[in-house]
Number of protein chains: 2
Amino acid sequence: MTEVSIPTKEQPSKEQIADVRAFTRFYTRQIGLLEERLHKSAFSLTEARVLYELAHRNGLTATDLGRDLGLDAGYLSRLLKKFESRGFVTRAPAPTDARQSVLSITDAGRKAFEPLDRASREEVAGLLGRLSAEHREAVVAAMQRVQRLLGQNREPSTPYILRPLQVGDIGWIIHRQGVLYAREYGWNESYEALAAEILAGFVKSFDPEYENAWIAEREGEVVGSVFLMRKSAEVAKLRLLYVEPSARGLGIGRRLVDECIGFARAKGYKTLTLWTNDVLVSARRIYQAAGFQLTGEERHHSFGKDLVGQTWDLAL
Amino acid sequence: MTEVSIPTKEQPSKEQIADVRAFTRFYTRQIGLLEERLHKSAFSLTEARVLYELAHRNGLTATDLGRDLGLDAGYLSRLLKKFESRGFVTRAPAPTDARQSVLSITDAGRKAFEPLDRASREEVAGLLGRLSAEHREAVVAAMQRVQRLLGQNREPSTPYILRPLQVGDIGWIIHRQGVLYAREYGWNESYEALAAEILAGFVKSFDPEYENAWIAEREGEVVGSVFLMRKSAEVAKLRLLYVEPSARGLGIGRRLVDECIGFARAKGYKTLTLWTNDVLVSARRIYQAAGFQLTGEERHHSFGKDLVGQTWDLAL
DNA sequence: CGCAAACAGTTGACTGAGTCAAGTAATTGC
DNA sequence: GCAATTACTTGACTCAGTCAACTGTTTGCG
């Protein structure tokens with residue numbers, strides 16, 4: 001939550017680089033500690049890594065292994081030969097390419113790997129066991145975050161899911177909108193307060209028959225949301241549409257608006273209305289594309305800025 | 001934000017262990033990639049680590065280095081001898097223990113290390129440079145989180161600081177309280193809505209002359225908060241006291257209440273009042289210790305539970 | 001098609017990072 | 001005051017990992 005003094009758009013800051021290096025040093029040591037016990041076993045660290053991959057993935061070739069683990073081809077070749085001679089691994093000619101063989105681990109290989117695998121699990125369990133349940137959860141979540149952000153598998157298999165509101169969501173959305181609009185448009189804390197007021201009212205008077213909320217979640221994180229509220233029997237209001245900057249470009253905003261429109265139609269509303277500000281350009285594009293018409297504009301001073309408020313309506 | 005299906009209080013779950021191991025494998029590879037270029041330099045990885053430590057810390061002995069980097073004493077001894085013969089390092093007899101020497105890096109050592117250091121920085125800059133500014137910030141924050149939680153330096157130098165309200169705080173506090181009380185006491189989303197309503201009102205009608213908020217922050221994270229609101233010229237109300245489970249036991253709750261009391265006295269209030277529920281045991285202890293008296297109790301059904309509300313007053 | 005370039009994997013020849021055990025001198029603990 | 005421990009050194013070794021040269025196969029392109 002610390003705000004960087006000089007927001008660097010393009011280049012990583014010195015502090016960020018230093019922090020990452022500090023983490024790398026730290027984790028290098030951590031890995032060293034975790035492996036200390038293991039390298040007394042029958043397998044070297046690299047052998048263990050290779051066995052692990054073979055045990056957990058199918059249809060691997062030597063090239064795959066070398067690429068994914070960063071190993072020298074020659075070294076790997078010998079290593080596999082040793083495994084084959086001990087009966088831990090078998091090679092089958094690859095159907096498509098006669099140069100390659102498909103590797104698979106044998107039962108004997110799994111059996112030989114098991115103690116090592118268990119030792120590794122115990123080692124990690126010991127590390128985590130020292131922490132409270134709270135901290136343990138937090139560590140795992142943070143690791144996943146690092147891995148996901150740094151990982152090359154940039155596109156998750158499911159780009160996002162929509163789900164109903166849960167406890168914790170409205171606070172999170174208030175927080176993120178507050179921070180985001182402060183950063184992007186310089187709005188002050190009164191916007192955050194407005195979001196809090198709207199959402200408090202939404203939950204308090206929530207009518208599941210005529211109202212709804214959609215939360216976009218991506219890999220366990222909230223990345224967008226929208227709320228549909230009943231204004232009258234004929235008019236529904238779309239409120240607080242937002243998409244995380246990191247999740248933009250996936251069509252989440254459009255999808256959220258479409259869900260609102262579909263729900264409003266199904267519930268028999270005649271009009272879907274919304275209020276926004278002209279500075280929110282990307283949101284406006286979504287509204288326009290969805291068929292909303294601008295029906296009113298007015299200048300106002302809110303959130304510490306001079307703004308132009310806009311009302312958009314969609315006939316359902 | 002994913003809720004664990006079966007909350008394990010004592011032992012790390014299989015999933016957590018698997019996740020940590022996955023991360024370790026991932027980062028092992030990552031470190032390998034970062035070092036690929038470096039090991040073409042004049043120094044081995046271990047030599048670089050030793051030089052790094054020497055360049056950034058003072059008064060190190062060989063034992064310190066061996067312990068912190070996990071190196072064999074014999075290997076380290078030879079390594080230092082080599083550095084000494086090249087004029088990168090000097091040894092001075094340790095004042096307290098004639099067996100030890102205090103190591104220090106020379107200017108020549110720094111100079112020899114510099115290209116390596118720069119290459120490492122560039123490598124990391126390259127890694128981070130592929131990310132958007134958003135993602136970059138998130139990665140660094142998550143790494144720091146892992147390091148802090150896993151690091152042995154359990155106690156930060158400043159256990160916590162108090163600061164005024166910032167944009168983003170109220171949403172964050174609503175979120176955390178919602179999640180926390182749902183988890184600990186099974187309260188439903190209406191508590192979160194109540195918190196949102198209270199805080200929206202606080203910000204909207206905030207009178208800095210007679211009202212205040214204190215946020216407890218620890219290593220850049222919000223770990224507690226309290227709000228003081230004006231009820232009348234003579235009565236102030238303390239609201240929404242909370243401390244993160246991970247930061248309990250540091251006296252943060254007590255400190256927040258004390259700040260409220262001091263502020264209320266300074267502003268000439270005659271009474272400080274608050275409303276709580278009897279299930280919030282640790283909060284009650286703080287109020288009692290601070291001299292609050294229980295002045296009323298009533299049963300109510302709120303937040304999906306049968307509760308006993310309590311009013312506590314303190315004469316100022 | 002045909003041929004050069006690239007690729008998958010193998011093998012030989014190294015090297016140097018890291019280990020292990022035994023030893024010295026100083027310090028600590030009882 | 002003496003045994004146990006600690007800080008460091010040294011000798012002897014090994015094995016993980018590198019590099020380059022080679023075989024057979026596939027790909028790309030005129």
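Lettering follows sequence order; numbering is per chain, from 1.
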Of the nucleotides C:dA17, C:dT11, D:dG17, which has the atom closest to the A:Lys81 side chain?
C:dT11
May I have the distance from B:Gln100 (atom CD) to C:dA26 (atom P), rounded to whole angstrom?
13 Å
Under 4.0 Å, counting only non-hydrogen atoms across every strand here, what does B:Gly66 touch: a base, just sugar-phosphate, or nothing?
nothing
Among D:dA16, D:dT6, C:dG18, which nucleotide sits nearest the side chain of B:Arg99?
D:dT6
Candidates C:dA8, D:dA16, C:dC20 - which lies nearest the side chain of A:Tyr75
D:dA16
Please check if the distance between the ring centroids of B:Phe23 and A:Tyr27 is under 6.0 Å.
yes
Under 4.0 Å from OP1 or OP2 of C:dG18: is there any side-chain N or O of B:Thr46 that close?
yes
Mind checking if A:Ala98 touches a base, just sugar-phosphate, or nothing, with heavy atoms under 4.0 Å?
sugar-phosphate
Whole-Å gap separating P (C:dA8) and CG (A:Asp64):
9 Å
Would you say B:Thr61 and B:Asp64 are linked by a side-chain donor-acceptor pair, where the criterion is simply a distance under 3.5 Å?
yes
How long is the line joining NZ of B:Lys82 and P of D:dT10, in whole Å?
15 Å
Is it the case that B:Arg248 and B:Ser282 place a side-chain donor and acceptor less than 3.5 Å from each other?
no
Which sits closer to the 5' end of DNA chain C, B:Leu79 or A:Ala62, going by the nucleotide each is nearest to?
A:Ala62
Consider the side chain of B:Asp97, meaning its heavy atoms from C-beta on, and name the nucleotide among C:dG9, D:dA16, D:dA7 that approaches it most closely.
D:dA7
Mind checking A:Ala73 for me? I need base, sugar-phosphate or nothing, with any heavy atom below 4.0 Å counting as a touch.
base
Check: D:dG17 base within 3.5 Å donor-acceptor of A:Arg78 side chain
no
Which part of the nucleic acid does A:Arg67 contact within heavy-atom distance under 4.0 Å: base, sugar-phosphate only, or nothing?
nothing
Could you state the atom-to-atom distance from CG of A:Leu80 to C1' of D:dG17 in whole Å?
15 Å
For B:Arg163, does the CZ atom sit with more than 12 other heavy atoms under 6.0 Å from it, leaving out its own atoms?
yes
Round to the nearest Å and state the distance from A:Leu76 atom CG to D:dC19 atom P.
16 Å
May I ask you to say what A:Asp72 touches in the nucleic acid, namely base, sugar-phosphate or nothing, with a heavy-atom cut-off under 4.0 Å?
base
DNA chain D nearest-nucleotide lookup for B:Thr61 and A:Thr96: closer to the 5′ end is B:Thr61
Indicate the atoms forming the closest heavy-atom contact of A:Leu131 with A:Arg136, along with that distance.
O-NH2, 3.3 Å
Hey, does the side chain of A:Arg91 come within less than 4.0 Å of C:dA8's phosphate (OP1/OP2), counting only N and O?
no
How many whole angstroms separate atom CG of A:Leu45 from atom C1' of C:dG18?
13 Å
